[in-house]
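The shown structure was predicted, so the numbers you read here are calculated from the model rather than taken from an experiment.
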Amino acid sequence: MVYVVSDKVRRKNGGPSMIVTGYASGMVECRWYDGYGVKREAFREDDLAPAETREHQQA
């Protein structure tokens, strides 16, 4: 799946909801807040899935 900047994603094996901030060297760059500060990391596109929003959970 192709993600665009500002998409909400989550790692397929769990973890926090993250925001896509860009692409570099074939990796998807993401940022999230862990309760103490903003974290950032790059993930393979195959390791990510769209994060469900509250609207999707209520439907």
Q. What about M18 and Y23, same hydrophobic cluster or not, with Ile/Leu/Val/Met/Phe/Trp/Tyr joined at side-chain heavy-atom distances under 4.5 Å?
A. yes
Q) Distance from D47 atom CG to M27 atom CE, nearest 0.5 Å? A) 7.5 Å
Q.
How long is the straight-line distance from OG1 of T21 back to CZ of R31, given to the nearest 0.5 Å?
A.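 Atom-to-atom, R31:CZ and T21:OG1 are 5.0 Å apart.
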Q: Kindly give the heavy-atom pair with the smallest separation between V9 and C30, and that separation in Å.
A: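 Looking at all heavy atoms of both residues, the shortest contact is CG2-SG, 3.9 Å.
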Q) At their closest point, which heavy atom of S17 faces which heavy atom of W32, and how far apart are they? A) O-CB, 3.6 Å
Q: Apply side-chain contact (heavy atoms from CB on, under 4.5 Å) to I19 and K8, showing your working.
A: CA-CA 5 Å; I19 301 294; K8 283 189 175 185; 3.5 Å; yes
Q. Is Y3 close to P50 at the side-chain level, that is, under 4.5 Å between some pair of heavy atoms?
A.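 Heavy-atom side-chain distance check passes, below 4.5 Å.
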Q | Residue pair R10 / L48, side-chain heavy-atom distance below 4.5 Å | A |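 Of all side-chain heavy-atom pairs linking L48 with R10, none is under 4.5 Å.
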Q: Give a yes or no on this: more than 12 heavy atoms of other residues, nucleotides or ligands lie within 6.0 Å of atom NZ of K12.
A: yes
